[in-house]
Number of protein chains: 2
Amino acid sequence: MELSERKLKILQAIISDYIKTAEPVGSRTLSKQEGLSYSPATIRNEMADLEEMGYLTHPHTSAGRVPSDKAYRLYVNELMAKSELSKEEKAIIANRLHDTTVDFDETIKHAASLLSEITNLTSFAMTPKKNEDVIKYINLLPVDEETVVMMIVSESGKVSNRALKMSVPYTEDKLDLLSKTMTYNYKGKTVSQALTNNIIANFETDVVAMSGMAEDVMPNFMKTLEEMLNVNLYMDGLSNIFDIPEYSDVAKARSFIEMMTQKEEMTKKLIERDDGILITIGDENKDSELSDVSLITASYSVDGKLVGKIGVIGPTRMRYSKITSIMEYLTDNLSGSFKLESGDADEDQASEDPEETQNDESREDS
Amino acid sequence: MELSERKLKILQAIISDYIKTAEPVGSRTLSKQEGLSYSPATIRNEMADLEEMGYLTHPHTSAGRVPSDKAYRLYVNELMAKSELSKEEKAIIANRLHDTTVDFDETIKHAASLLSEITNLTSFAMTPKKNEDVIKYINLLPVDEETVVMMIVSESGKVSNRALKMSVPYTEDKLDLLSKTMTYNYKGKTVSQALTNNIIANFETDVVAMSGMAEDVMPNFMKTLEEMLNVNLYMDGLSNIFDIPEYSDVAKARSFIEMMTQKEEMTKKLIERDDGILITIGDENKDSELSDVSLITASYSVDGKLVGKIGVIGPTRMRYSKITSIMEYLTDNLSGSFKLESGDADEDQASEDPEETQNDESREDS
DNA sequence: ATTAGCACTCGCACCGTTGGAGTGCTAATC
DNA sequence: GATTAGCACTCCAACGGTGCGAGTGCTAAT
């Protein structure tokens, strides 16, 4: 069967209505709608066809129709109007995002809470992967007789440090020499190169003169590098999940919250997803906990290299166009602000040209 | 009316039974219990008295009795047997806690997840307040032409750092001089002193020679100090809250999760609580979200000074004695391990003398 | 003072009923 | 041939009634 023009129109109306009301929509209400000048009976026939084609379902015989995941997919791919944020909305986002802080992680965290606040959904934001971050500088500083602090500075401006106990006495001179040797050996390497490459071996022979200091330092160096690779996952609006009718079933809500609070697993799942804006609807999600919701992720970049992600989880009947617009603007802004921070910025963050709405059907803002 | 010996015995039996079964307990089941050799009728009379006195309630006429908050309070204060952990249990906790990591925050986080895993409750753990932490060392290090890294090292071994942009060119010599001046001025001060005292004013005049470098550095110094004061709150087992029947009401579960995920507010509430082991039961909690649950917090110390807290939230019918024992052991262990890390440790962590159980009634282990 | 006995209460689970919303089908209409 | 009006039908959700079981409160006997 073909998806005629009229079928599409009806399907779109059903989806829009259902997104607004969350109620199964019947033929009568549809026929009263602006632009749909067919009788309920006609619409019923079309709906029956659409159901046969898999775009609609039927909670029970005497209920209205509900869009299926397939319908949302069609909607997102083809029917959806790309909504443009108003100047005011953009201003709010930009202001809130650059509020006070300049700290990397802090900004990302901010982005997550901002996103959940605007959308009323559960949101999260991931700090960038730093595998590609380049080591610039390694420094060892005395603290007291047996303690020194190691710090690693990367090109992106990230500083990691760690206090460590020395099992052998040290002098400032030796410490300094060791710092310089390490910097010489690792400068310009990426963090993951430093971790995997076997520089340590031939390096240790070099510094055997330092009477065991390297043995104290190197393991900590490796640990610190590993820590630099850790990505943080921030989350907000967790309780918004209860707005979704499916999750008024406590067992489901529980397993959802369980999944979300497993940060390591969640991080892994998010990293695996493709970059750019990616929408997965209902059963398209691999996790059974997500089979009733949609997941939208968007990636941002720093210097076009390190890539982090933000995302939202909400009901399949969410305002896709509005939300993707918000996320798009947000990631543009994030990528922009990190470019700035890294020093060599050109100022053109988040291009402002108001690329007008092309598709004018299906307003879905409340 | 007086709380006779027999009333106490019955009350205790009711509480124990209810903690186990979560079902209202009736007179018949009680009379069949070991040690309670009274007829159901007698027990019913006593129960009626206990209810009048406020220790029991009645979900409805034809249901068994349920202990009130007042009853749990009595139980915790007087009836409860102090349970001692077995050697095995202690070993498990100690091992898991000192697993791999030596990092401060990491250990606390570990403690939270360990606690929730053992108790099957929602748990949290707070890193110590660091107001009293003493500044040891301030260092400014060059990164590139316009970027320097500032690091602050404290007596407790904590290192904080921050990368900052300089608006004026700097030389390494000047940077070094500034580091030394700052260290000279702040060494030995606590973090909160450094923040509140007005050293900055007369300090800035000192270094006017440094042609504005101080203007770039000082605000960042203050911010970093502020950051050092931040306490982190880790949480685990959030979804365990769904085990509590009261929270199968979605609205309640929602507001609970909302409360818990407001980390700043939660932190404040926890800090306000008295130190030591503190149990608050049901309506004793100020927050309405907690009026159906009990909250147990315990504090740990580092060098007897900096104080953090761990805690659990669970049903009022929880195994108080077991759980307080676990928390006691855990905090002892935490305090002990931080003493070690700070360097000048005497080795006596978590005193091991097996102070035997004094009270032998009411076993409440499953 | 304790206990046995019994009437009573109440929640819960299980019907059967009713009403309304919405469908599917058929026959009439454009 | 496509559209529509009409109508019988289905199903859910809400409501009220009923029976059962657990547990109480009271009274009278021990």
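Being a predicted model, the structure only gives us computed values, none of them experimental. Residue numbers begin at 1 in each chain, while the letters A, B, ... track the order of the sequences.
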How many Å lie between CD1 on B:I10 and P on C:dA1, as a whole number? 15 Å
Whether the side chain of A:D292 engages the backbone of A:E246 through a donor-acceptor N/O pair (distance < 3.5 Å, no angle test) should be reported. no
Picking from D:dA22, C:dT3, D:dT3, which would you name as closest to the side chain of A:R6? D:dT3
Does a side-chain N or O of A:T61 approach OP1 or OP2 of D:dT10 to a distance below 4.0 Å, or not? no
Please determine if B:E258 and B:R254 form a salt bridge, counting it only when a charged side-chain N lies under 4.0 Å from a carboxylate O. yes
Can you measure B:E46 atom CD to C:dT3 atom C1' for me and round it to whole angstrom units? 13 Å
Specify the separation, in whole Å, of atom CZ of A:R28 and atom P of C:dA21. 9 Å
Integer-rounded Å distance: D:dA2 C1' and A:K7 NZ: 12 Å
Applying the 3.5 Å cut-off to both distances, the Watson-Crick or G-U partner of D:dA29 turns out to be C:dT2
In this structure, how many angstroms lie between the P atom of D:dA22 and the CG atom of B:L30, rounded? 16 Å
What is the distance, to the nearest angstrom, from the CD1 atom on B:I43 to the P atom on D:dC26? 18 Å
Using modelled atom types and a 3.5 Å cut-off, is there a donor and acceptor pairing between side-chain atoms of B:R273 and backbone atoms of B:L278? yes
Which residue, B:N45 or B:P59, contacts DNA chain C at a nucleotide closer to its 5' end, judged by nearest heavy atom? B:N45
Protein-nucleotide distance (A:D49, atom CG; D:dA2, atom P), rounded to Å: 12 Å
Hey, are the side chains of A:I313 and A:M260 touching, using non-hydrogen atoms and a 4.5 Å cut-off? yes
Picking from C:dG5, C:dT23, D:dG23, the nucleotide nearest the side-chain atoms of B:R44 would be C:dG5
Would you indicate what A:A41 reaches in the nucleic acid, counting non-hydrogen atoms under 4.0 angstrom: base, sugar-phosphate, or nothing? base
Check the phosphate of D:dT3 against A:S39, side-chain N and O only, distance under 4.0 Å to OP1 or OP2. Yes or no? no
Which nucleotide in the list C:dT3, D:dT24, D:dA5 gets nearest to the side chain of B:M47? D:dT24
For the side chain of B:R65, starting at C-beta, report the closest nucleotide among D:dC11, D:dA5, D:dG25. D:dG25
Looking only at the side chain of B:Y38 (C-beta and beyond, no hydrogens), which of the listed nucleotides D:dT3, D:dG25, C:dT3 gets closest? C:dT3
Give the nucleotide from the list D:dT4, C:dT3, C:dC10 with an atom nearest to the side chain of B:H60. C:dC10
Under 3.5 Å, side chain of A:R44 to main-chain N/O of A:S27, donor-acceptor pair present? no
Closest approach to the side chain of A:S62, judged atom by atom: which nucleotide of D:dT3, C:dT2, C:dA21 is it? C:dA21
How many Å lie between NE2 on A:H58 and P on C:dA21, as a whole number? 16 Å
